[in-house]
Asks: 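Structure below; questions to follow.
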Protein chains: 2
Amino acid sequence: MKNHNKTDWAGCPVRYAAGIFGDKWCFILLRDILLHGKRYYGEFLTSEEKISTNILANRLAHLEQTGMLTRHVDAQKKSKVFYLPTAKARALLPAFLNIMVWSTEHDAQTEAPDSFAKAMQQDPIKTVEYYQRQIDAADARCHSTSNS
Amino acid sequence: MKNHNKTDWAGCPVRYAAGIFGDKWCFILLRDILLHGKRYYGEFLTSEEKISTNILANRLAHLEQTGMLTRHVDAQKKSKVFYLPTAKARALLPAFLNIMVWSTEHDAQTEAPDSFAKAMQQDPIKTVEYYQRQIDAADARCHSTSNS
DNA sequence: CAATTCACTTGCAAAATGCAAGTTAAATCT
DNA sequence: AGATTTAACTTGCATTTTGCAAGTGAATTG
């Protein structure tokens with residue numbers, strides 16, 4: 001999709017979302033961050049889907065530019081870099097969990113347990129809060145000297 | 001993203017969803033179908049985002065193959081074709097509305113009224129039902145001789 | 001029955017992707 | 001201290017996808 005700057009893609013809510021994560025790799029990266037606790041560049045590279053390093057760098061920059069992630073240098077080992085989800089990215093969690101409910105109900109090969117969709121149906125607020133705490137826990141494992 | 005067939009992208013719920021609508025044009029088409037009442041090939045072509053006809057044909061085929069749409073020939077005018085959302089596509093509505101809530105809250109240029117996010121917060125079930133009836137209404141405007 | 005509508009298809013240039021091989025800074029090893 | 005390794009990118013190039021413009025063919029319309 002050509003010649004669409006950030007402003008072009010603002011306005012319509014669906015188009016705005018598509019401009020930020022309407023791309024398979026951004027979708028996968030947000031999953032890794034919001035649901036798999038990944039934070040480090042090296043961790044994203046090892047995901048099952050085998051993203052290549054130039055594309056990873058490109059998408060991390062995109063997510064940083066759109067206010068979804070912030071980049072940080074590791075305090076213990078300055079050659080390592082991690083990315084933390086912003087409040088904006090964290091706010092996507094409910095939408096993502098709803099997408100996942102849909103997938104578990106329509107993908108015959110789903111790997112998600114029945115308990116997940118059930119939990120979301122019975123008490124969505126509590127379920128969302130559970131996953132939010134997981135995000136906090138993943139963030140807590142990362143320490144930077146100052147911001148970059 | 002190369003060499004990923006339908007099976008490769010099954011399993012993980014987020015990856016499954018990305019395989020179906022993790023693409024800006026599919027995202028936009030599903031919006032047009034679920035929220036803008038579009039059904040005819042010609043209607044999709046006229047959307048604000050100006051999809052080109054070869055890409056439109058490609059994405060409609062993709063959505064048909066993944067069980068999101070069914071293709072029909074218009075009963076009144078056999079040169080016209082429309083696409084109806086399946087139950088699977090309709091089941092995406094709650095996730096889409098949640099995405100839209102997120103966008104309205106994070107896009108400074110959002111065109112969505114405050115009332116939308118409020119309605120979703122206060123009574124999500126009723127709000128979803130309202131949009132589901134709109135889908136029914138859009139479907140009702142289409143008539144085919146038999147299926148294609 | 002000739003012109004037009006409509007849903008695609010085709011051809012080609014431009015852009016994005018994927019893979020492999022750098023590069024650079026920082027940490028570890030000897 | 002100097003050499004090796006780790007880690008996060010960057011670069012180059014072949015392949016694939018996209019976008020645009022121009023068909024094509026069946027169905028309608030004039």
Side-chain angles (χ1 to χ4, degrees), chain A residues 1-5 8-9 18-19 21-29 32-33 38-65 69-84 142-146 148, chain B residues 1-5 8-9 18-19 22-29 32-33 38-65 69-84 142-148:
Chain A
M1 205 174 268
K2 195 182 152 194
N3 198 25
H4 286 292
N5 59 37
D8 285 328
W9 282 78
F21 63 92
D23 162 273
K24 294 188 212 282
W25 287 125
C26 288
F27 223 91
I28 295 291
L29 286 178
D32 285 350
I33 288 167
K38 295 188 182 180
R39 295 292 181 273
Y40 285 86
Y41 190 92
E43 291 179 318
F44 299 125
L45 273 183
T46 66
S47 74
E48 205 185 338
E49 289 85 6
K50 303 203 181 297
I51 187 169
S52 41
T53 179
N54 56 338
I55 302 295
L56 175 58
N58 174 276
R59 296 305 194 277
L60 287 172
H62 168 74
L63 291 172
E64 204 187 344
Q65 282 159 18
L69 304 177
T70 51
R71 196 188 104 111
H72 306 267
V73 173
D74 189 273
Q76 305 305 315
K77 201 171 175 181
K78 287 178 196 163
S79 61
K80 294 184 79 179
V81 168
F82 61 89
Y83 293 81
L84 293 183
C142 302
H143 302 284
S144 64
T145 47
S146 67
S148 158
Chain B
M1 207 173 267
K2 196 181 152 194
N3 197 26
H4 286 295
N5 60 36
D8 285 329
W9 282 78
D23 161 274
K24 295 188 211 282
W25 288 125
C26 289
F27 222 92
I28 295 292
L29 286 177
D32 285 350
I33 288 167
K38 296 188 182 180
R39 297 290 181 273
Y40 285 86
Y41 189 93
E43 292 179 318
F44 299 126
L45 273 182
T46 67
S47 75
E48 204 185 338
E49 289 86 5
K50 303 203 182 299
I51 187 169
S52 38
T53 180
N54 56 339
I55 303 296
L56 175 58
N58 174 276
R59 296 303 194 277
L60 286 172
H62 168 74
L63 291 173
E64 206 188 344
Q65 282 159 18
L69 305 177
T70 52
R71 197 190 104 110
H72 306 267
V73 173
D74 188 273
Q76 306 303 317
K77 202 171 176 182
K78 287 179 196 164
S79 62
K80 294 184 79 179
V81 168
F82 62 88
Y83 293 81
L84 294 183
C142 301
H143 302 284
S144 64
T145 48
S146 68
N147 285 3
S148 158

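Each chain gets a letter, A, B and so on, in the order its sequence line appears, and its residues count up from 1.
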Asks: Send over the distance from Asn58(A) CG to dG12(D) C1', rounded to a whole Å.
Replies: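 Value for this atom pair: 16 Å.
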Asks: Whole Å only: how far is the CG atom of Leu56(B) from the P atom of dT18(D)?
Replies: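 Answer to the nearest Å: 13 Å.
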Asks: Check the phosphate of dT17(C) against Arg59(A), side-chain N and O only, distance under 4.0 Å to OP1 or OP2. Yes or no?
Replies: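 Yes, because at least one side-chain N or O of Arg59(A) sits under 4.0 Å from OP1 or OP2 of dT17(C).
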Asks: Please walk me through it: do Arg59(A) and Asp23(A) pass side-chain contact (heavy atoms from CB on, under 4.5 Å)?
Replies: CA-CA 9 Å; Arg59(A) 296 305 194 277; Asp23(A) 162 273; 2.9 Å; yes
Asks: Using whole Å, what does the distance between atom C1' of nucleotide dA16(C) and atom NZ of Lys24(A) come to?
Replies: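 Rounded to the whole Å, the gap is 14 Å.
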Asks: Starting at CD of Glu64(A) and ending at P of dA8(D), how long is that distance when rounded to a whole Å?
Replies: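 Whole-Å distance recorded here is 14 Å.
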Asks: Sequence neighbours left out, what passes side chain to side chain contact (heavy atoms under 4.5 Å, CB included) with Lys38(B)? Give chain and number order.
Replies: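 Partners of Lys38(B) under the side chain to side chain contact (heavy atoms under 4.5 Å, CB included) test: Asp32(B), His36(B), Glu43(B), Phe44(B), Thr46(B), Ser47(B).
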Asks: Could you say whether Ala75(A) or Lys50(A) is positioned toward the 5' end of DNA chain C, judged by the nucleotide with the nearest heavy atom to each?
Replies: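 This one resolves to Lys50(A).
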Asks: Roughly, in whole Å, what's the span from CG in Asp74(A) to P in dC9(D)?
Replies: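 For the pair Asp74(A) CG and dC9(D) P, the rounded distance is 13 Å.
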Asks: Restricting to ring pair (Phe, Tyr, Trp, His ring centres under 6.0 Å), what partner residues turn up for Tyr41(B), sequence neighbours left out?
Replies: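 Residues passing ring pair (Phe, Tyr, Trp, His ring centres under 6.0 Å) with Tyr41(B): none at all.
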Asks: Looking at every non-hydrogen atom in both residues, tell me the closest pair between His143(B) and Phe82(B) and how far apart they are.
Replies: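 Closest heavy-atom pair between His143(B) and Phe82(B): O-CE2, 3.5 Å.
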Asks: What's the closest nucleotide to the side chain of Asp23(A) if the choices are dT18(D), dG19(D), dT17(C)?
Replies: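 Looking only at side-chain atoms, Asp23(A) lies closest to dT17(C).
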Asks: Tell me the interatomic distance from Gln76(B), atom CD, to dA27(D), atom P, rounded to whole angstroms.
Replies: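 Roughly 16 Å, once rounded to whole Å.
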Asks: Does the plane of the ring in Phe21(A) sit parallel, tilted or perpendicular to the ring in Phe27(A)? Use 30° and 60° as the thresholds.
Replies: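 Judged by the thresholds at 30° and 60°, the geometry between Phe21(A) and Phe27(A) is tilted.
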Asks: Figure out the CD1/P separation between Ile51(A) and dA8(D), and round it to whole Å.
Replies: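 After rounding, the reported distance stands at 14 Å.
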Asks: Does Trp25(A) make a side-chain N or O approach to OP1 or OP2 of dA16(C) shorter than 4.0 Å?
Replies: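 Checking Trp25(A) against dA16(C): no side-chain N or O falls below 4.0 Å of OP1 or OP2.
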Asks: Which residues pass the side chain to side chain donor-acceptor pair (under 3.5 Å) test with Ser79(B), not counting sequence neighbours?
Replies: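 Per chain and number, Ser79(B) pairs via side chain to side chain donor-acceptor pair (under 3.5 Å) with no residue.
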Asks: Would you tabulate the nitrogen or oxygen pairs shorter than 3.5 Å linking the protein to nucleotides 5-9 of chain C?
Replies:
{"unit_1": "dC6(C)", "atom_1": "O3'", "unit_2": "Ser79(B)", "atom_2": "O", "d": "3.4"}
{"unit_1": "dA7(C)", "atom_1": "OP1", "unit_2": "Val81(B)", "atom_2": "N", "d": "3.4"}
{"unit_1": "dA7(C)", "atom_1": "OP2", "unit_2": "Gly42(B)", "atom_2": "N", "d": "3.2"}
{"unit_1": "dC8(C)", "atom_1": "OP1", "unit_2": "Arg71(B)", "atom_2": "NH1", "d": "2.7"}
{"unit_1": "dC8(C)", "atom_1": "OP2", "unit_2": "Arg71(B)", "atom_2": "NH1", "d": "3.3"}
{"unit_1": "dC8(C)", "atom_1": "OP2", "unit_2": "Tyr83(B)", "atom_2": "OH", "d": "2.6"}

Asks: For Asn58(A), what residues pass the side chain to side chain donor-acceptor pair (under 3.5 Å) criterion, not counting sequence neighbours?
Replies: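 Per chain and number, Asn58(A) pairs via side chain to side chain donor-acceptor pair (under 3.5 Å) with no residue.
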